[in-house]
Every structure is written in C-alpha cells, then in structure tokens.
Amino acid sequence: MDLKLSLSNIPGVGPAQAKKLEKLELFTVEDLIYHFPFRYDDYSIIKPISETQIGEIVTISGEIWSIKNIYTRYGKNLTQAIFNDGKTSIYLTWFNQPYLSKQISSGDRLYVSGKLIKYQSKLSILAPDWEKIEPTHGVEGVGPRRSLHTGRLVPIYPETFGLTSRWIRRLTSKVLSLALKEIKDFLPNQIRGEMIKLDMAIQKIHFPENQKDIDRARERLGFDELFLIQLATQQVRARWRSKPLIKPWIIDKETLQKFIKSLPFELTESQQKVLAEIRSDLNKSFPMNRLLQGEVGSGKTVIAAAAIYLAKQNGFQSLLMAPTEILAWQHFDTLKKLLEPFGTSIGVYTKSKKQAVETTDDVVVGTQALLSDSIKPRKVGLVIIDEQHRFGVNQRTLLRKKGSAPHFLTMTATPIPRTVALTLYADLDLSVIDELPKERPVIKTHLVPERKREDAYKFIEKKVEGNDQAYIITPLIDPPRLARSSGEAGESETRISSKAATVEFEKLKAVFPNLFLGLLHGRLKAKEKEAVLDDFRSGKVQILVSTSVVEVGVDVANATLMLIEGAERFGLAQLHQLRGRIGRGVKESFCLLFTENENPNENQRLKYLETTFNGLRLAELDLKIRGQGTIFSTTQHGRFELKIARLSDIKLVEKIKTLASKLLEKDLELDKYPQLKRKLQGISQEVMPD
C-alpha cells in the first residue's frame, strides 16, 4: 500500500468522511498511521459477570436476549438491551443512539466493555463499547486477542464531529498491516541503539498488548520527532552561518553611549548583557539570527531601538513587524520618542492606517502589510519581528527577503522553557532579559473564591472611583453553543460553561452603573479597537471588558486592576502575560483570578501565581503540570507539531541535541544516510524555507 495514497481511495471512506478526515489534517495513509492515540481505555480484563464488582471496568462476552428503544417523556431516547453471559444477565443502556437497535439484534453474540454500575436499581453498563463475536472475527495485525473495540487496551484518538475513535480505529486497522510493509526505518543503527524498529513502534502505538508496548513505542516515536527537529534546526543554523559573507558593522561605542544616556531610565544589567550579545553578532561576518525573550515590560523595545540606531549608523534601514496594529502603532510612538532626536526617520505601514513610506525612511514599522510589494526599501540591513510566533514561516521568510542578507532579530514576551528553546529554537541564538525595571511594582495576585465575587466588584469600584482603571478578562467573545459529541450515527449534547466578553459587558454595566465600560475583542474592526483603546488610554473608559487580545501591546500606566474569569482555561505563562498589562506605572496593582470549577489540583496550579512572578518559572511549571499543549498554543505556531514527544525531560533533549550535532559534524547534508535525508526533506522548510 502506497503511503501517499489518498484516504478517499480507501474502501469505506466516502466524500463526507474524507472531508471530516481533512479537518484532522489526515489526507494520506501515512497521515493516518501517524495519527496517534492520546490515551487508551483498558478493556483487557475479561470476566464472567458473577466475578465482577460494582465500579469495575470490564469486558464481558455473551448474548443479546432483547433490545429496544425507549422514548422518555423529555424527548430523549434510550436503547436498552438485556445481555447474558450464559449464567447472569445485566442491562446495557445507550443514550440517543436509536440506530443501535438496527445494528444489534436479539441472539447476537457480543463483547461489551465498560464500567459496571447500578442504574435504576439494575446491574448495568451505561454506553458500553461493543463488537460482535463472529466465527471469522478478527483484524490482521492487531494481536492474538483479535478484538478491536473491546477486550484489550483500546486506543482513543483525537476526533472531530462525525468521526469517532471507533470509526478511526476501524479504518486504521484496515490499512495498518499493509502500510507497515512500506515503512522504511530511517534511523542509523548507531543512533537507534536498543530502541524498537519503526514499523513495530507504529504497530504497538495503535494496538498494544500491554503498557510496556505503549512505553517502548512512545520512546521510539518521541525520539524520532525530537531527533528530526534537532537535525532540521541545526542544519538551518549551519547553513545560515555559511551564507555569503557580509561586512561586519562598525560599532562606535561613544556614539552608542550617547543614545543610551539619552534614555529616560537606566538599562538593567540584563538589558546591557543582551545588548552586548547583539553588538557582538553585528560585528561578525555572517548575519545575526537571534531570539530575544523577555518579560512583559522588561524593555525589549529599547534593545530593538538600539539595534535600529546601530543600523542607521552603518547606513542600513530597518523593518519592524508586529502582529497587531495596536502593537505596531505603540512601537511607532516609542521609536519616535527614542530615535527622532538622533535624526532617525520613521515610517509606519499597516492595513488600515498607511502613512507615506519613503524609500529613505531609516525604519518602517508595520503589521504583515509590510510584506506588500508597495514596500520597497532601499537597503535593509536589520529585520525585527515582535511576537514572532504569531507569524507563519512564510511571512517571516518574505520579510527577510526585503534585504540581501539582513541581520534578523525576533522578540517574544512568551516565556520559553529551556527544553522548548533547545528543541524548537535550536537554529537561533537565544538572549533573555530576565529582570524588570526596579521601579515596577510586584502585582498582588489572588485566587478569589466565587463567594467573594461581590467583594471583588466593590474593591474594583472603589479603586476605579479613586482614579484607577481596570481590565476584566474573559476566555471567550460570545457564549459557547451547545457542544455536540457524536457516536457513529448519533449525537448527544452537553453545555460548556464559560464567561464571554459580550455577555459580561452587558451584565457589568448593571454592576458598575456609575462607571464607563468599554468592550474589546478580536472580532472588532481595527478602527473600532483603536477607538476603544484610545478611550481607555485617555481615561474615558474606566473598565475595559476584553478577551486575551490585550495580552500583547496594550500599555496603560493608570491600569492597576485586572479580574480574569475562567482562569483555569489559560496557561500560567499566559496569565502572567495578561497580568503584565497592569502595574505599568508605580501604583500598587492587583490581579484577581476566578475559576469555573472547584478542582483542587487546578486551583493549586493557579495559586502558583500568588507567589511566583517569574514568567519562565511559571512556564516551566505549566510544562510539568499540564504538558506541552499550553506551550505550543502560543510558541509553536509556524514551526513544528509534536504529536507524541515529551519536552519535560531535559536530559533526553540534551542527549538528542548532542547526537544530532555529532552526526551533522561528520555529514552536514546527510549524504551517507539517504533514508534519513529523505525523511528530513521538507522539515527544514518549517524553520526557514528557501
């Protein structure tokens, strides 16, 4: 079976299913077999009913004695069956799946799996998994037990509406045994060591016989992901440094010192260290490729301004691209204040507001509108991208191509744990501003129980009437619709509870009748956003109800209060960035966290914010507690997707980095390893396309 075969050509996959598979980014057989389970239901215990206990998860084999649909007075449908294992009977109950009475008939022999409970005083299994026992039952390659949905460790996959794990499981089992014959193990033997071969790893990750199978499969497949990323990023780093030589910039220390002395504040030691690293880069014969990470409010823009100043001194122009118009115009205003006294001309170019951009401007600030062909700079020597993870790879590459071999500086306020930096950003030199200006106050943060909500509102009202300003942050723009979960042909509905900005805005106008409120979210037009923010900056709006769109680029010194609804929905690092919007001046500032659940573990996670004010430390904690999903949601956009690797193991990451480095030292283009070279093709494009 060709691994590149379209899934739409597999028998049983019609046009409707093919479109649903595409929503999961599954297009080919290879995509499907690399669509790994995220957990397993343990249905491996097969027992007679008489030997089971209430609350136990089991698999039972037996016969359907009767099955019927029952319609309740509330319009719901139950499918109820009596199931007998030869000695004892139990009830099986499914909700809102009336089609089952056509798929299952009296006399059918089944395996059923689920948790044994008492339901309406009857021994029952609710919503059991099931499959028919037939003389020829079995799927080639899934192990000696031959069951697929029951009686084993059953894989549970990432799903989409209309495609259940059961359906994906069946399709995977159909193609797997043939597809595995086409798998070529690309790891050199000296790298693979004692790890299992690739085909066996894929087999066992989908249909393991025991936990050891899962562990060994994860070890191999996770290693592959991290190793390929290391090879890709280190190759790019080496190729970047082998670019055509450029003339090192002349760094006049006295001239630079004039700029530094003109600043309205002293640089922190951390800022001075980072600036020295950038100066060193600019003095080399190959382009800088550096990632600058710093806390919200740590002074990254000042460092960018210093680099722009050095570019002008060496006869070069600079481009600075920001992800939002709000942030672009904030940078424009800041750079005007810092650089215009030194004769630096500044242009700005965004989608909705365009100033005349001259080819002679020393620096042009803008959004992705900078990628337009209308921007034809004369001599770009420095490209700066703020919040770089918010742009795709192609966007970053197009901006880089505005110059022949420009120095490249990317900046982020997102704290990046060390393992993430070593893996996803191994192609970049990393600088960190790890201290805030001394005058910045510590933001007092409290996890507030729901019973004290009225007290919190009164506290906010009192502070705002005293001339402070406040943010109230919600996780959503609009209330969520009913979330649907589906069986193979049926649906059930559950309501997701969460605060929404549009609803809270209306409610809070009644809570604060004597105060002026504004509403901000991502669906507003650029002019509407700017109008709301102008009113907030001027003090006309006293309380800003917003989504996390304020996370980047909103700087109002008078804002000293933030109330965050549904705090458990955010990562610790993101919450830290949000609260960084307050405390921008010298006033005492407060961040109040409210949650929508009473999970003690989740609340304990949030309580770290009460005592921890280092963003990097919080990101490390979130990586350890919640896994890498919260990290990737903010830092990985446009880079890699890790399906199975774990970034919490620093020793493994460092080991893999060393292995990749040694292999590339001997053979940068991997000509001695053709299978590995082919596997790697295209991955480097995720870092830096040609």
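Residues take their numbers from the sequence shown, with the count starting at 1. Just so we're clear, the structure is a prediction, and the values are computed from it rather than from any experiment.
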Tell me if a side-chain donor or acceptor on [X] pairs with a main-chain N or O of [Y] at a distance below 3.5 Å.
| X | Y | result |
| --- | --- | --- |
| Ser177 | Ser173 | no |
| Thr233 | Gln230 | yes |
| Thr334 | Gln330 | yes |
| Gln317 | Lys379 | yes |
| Glu225 | Ala645 | yes |
| Gln313 | Thr255 | no |
| Asp667 | Lys672 | yes |
| Thr172 | Ile168 | yes |
| Tyr309 | Ile260 | no |
| His407 | Pro287 | no |

Quickly, which of Lys204, Arg152, Arg218 forms a salt bridge (Lys or Arg N to Asp or Glu O under 4.0 Å) with Asp213? Name it, please. Lys204

What's the separation between atom [atom1] in [X] and atom [atom2] in [Y], rounded to the nearest 0.5 Å?
| X | Y | atom1 | atom2 | answer |
| --- | --- | --- | --- | --- |
| Leu618 | Gln577 | CG | CD | 10.5 Å |
| Thr412 | Gln293 | OG1 | CD | 7.0 Å |
| Asp31 | Thr28 | CG | OG1 | 3.5 Å |
| Leu382 | Asn314 | CG | CG | 11.0 Å |
| Leu663 | Leu670 | CG | CG | 5.5 Å |
| Lys312 | Ser318 | NZ | OG | 10.5 Å |

Please collect all side-chain hydrogen bond (donor to acceptor under 3.5 Å, both in side chains) contacts where either partner lies in residues 607-617, sequence neighbours excluded, each pair once. Lys607-Glu610

Taking every non-hydrogen atom, the tightest pair across [X] and [Y]:
| X | Y | answer |
| --- | --- | --- |
| Phe227 | Ile656 | CA-CG2, 3.6 Å |
| Leu370 | Leu320 | CD1-O, 3.4 Å |
| Lys300 | Ala413 | NZ-CB, 3.8 Å |
| Ser270 | Val432 | OG-O, 3.3 Å |
| Gln234 | Ala660 | NE2-CB, 3.9 Å |
| His206 | Pro37 | ND1-CD, 4.0 Å |

Take a 6.0 Å sphere around CD1 of Ile250 and say whether it holds more than 12 heavy atoms from other residues, nucleotides or ligands. no

Hey, is CD on Glu266 packed in by over 12 heavy atoms from elsewhere, all under 6.0 Å? no

Using residues 187-200 as the side-chain source, report each donor-acceptor pair under 3.5 Å to any protein atom, sequence neighbours left out, with the distance given to one decimal.
residue : atom : partner : partner atom : Å
Gln190  : NE2  : Tyr673  : OH           : 3.2
Arg192  : NH1  : Met195  : O            : 2.9

For [Y], is there an ion pair with [X] - N to carboxylate O distance below 4.0 angstrom?
| X | Y | value |
| --- | --- | --- |
| Arg237 | Asp427 | no |
| Glu277 | Arg290 | yes |
| Glu269 | Lys273 | no |
| Lys677 | Glu669 | no |

Applying side-chain contact (heavy atoms from CB on, under 4.5 Å), run through Tyr157 and His35 and close with a yes or a no. CA-CA 8 Å; Tyr157 295 90; His35 185 66; 3.9 Å; yes

Under the criterion side-chain contact (heavy atoms from CB on, under 4.5 Å), I'd like the reasoning laid out for Phe207 against Leu176: C-alpha separation, chi angles, the key distance, then a yes or no. CA-CA 10 Å; Phe207 298 110; Leu176 190 59; 3.9 Å; yes

Would you say that [X] contacts [Y] through its side chain, given a criterion of any heavy-atom pair below 4.5 Å between the two side chains?
| X | Y | result |
| --- | --- | --- |
| Gln211 | Asp42 | no |
| Ile564 | Cys591 | yes |
| Gln368 | Met321 | yes |
| Asp622 | Gln574 | no |
| Phe613 | Val442 | yes |
| Ile384 | Thr410 | no |
| Arg279 | Leu310 | yes |
| Thr324 | Thr367 | no |

Pair His331, Asp386: side-chain N/O donor-acceptor within cut-off below 3.5 Å: yes

Decide ring pair (Phe, Tyr, Trp, His ring centres under 6.0 Å) for Phe38 and Phe36; before the verdict, give the C-alpha distance in whole Å, the side-chain angles of both, and the deciding distance to 0.1 Å. CA-CA 6 Å; Phe38 67 92; Phe36 301 135; over 10 Å; no

Take Arg220 and Arg216 through the side-chain contact (heavy atoms from CB on, under 4.5 Å) test and state the conclusion after the steps. CA-CA 6 Å; Arg220 170 60 205 270; Arg216 296 193 70 196; over 6 Å; no

Mind running side-chain contact (heavy atoms from CB on, under 4.5 Å) on Leu231 and Leu676 for me, showing each step along the way? CA-CA 10 Å; Leu231 288 174; Leu676 181 57; 3.8 Å; yes

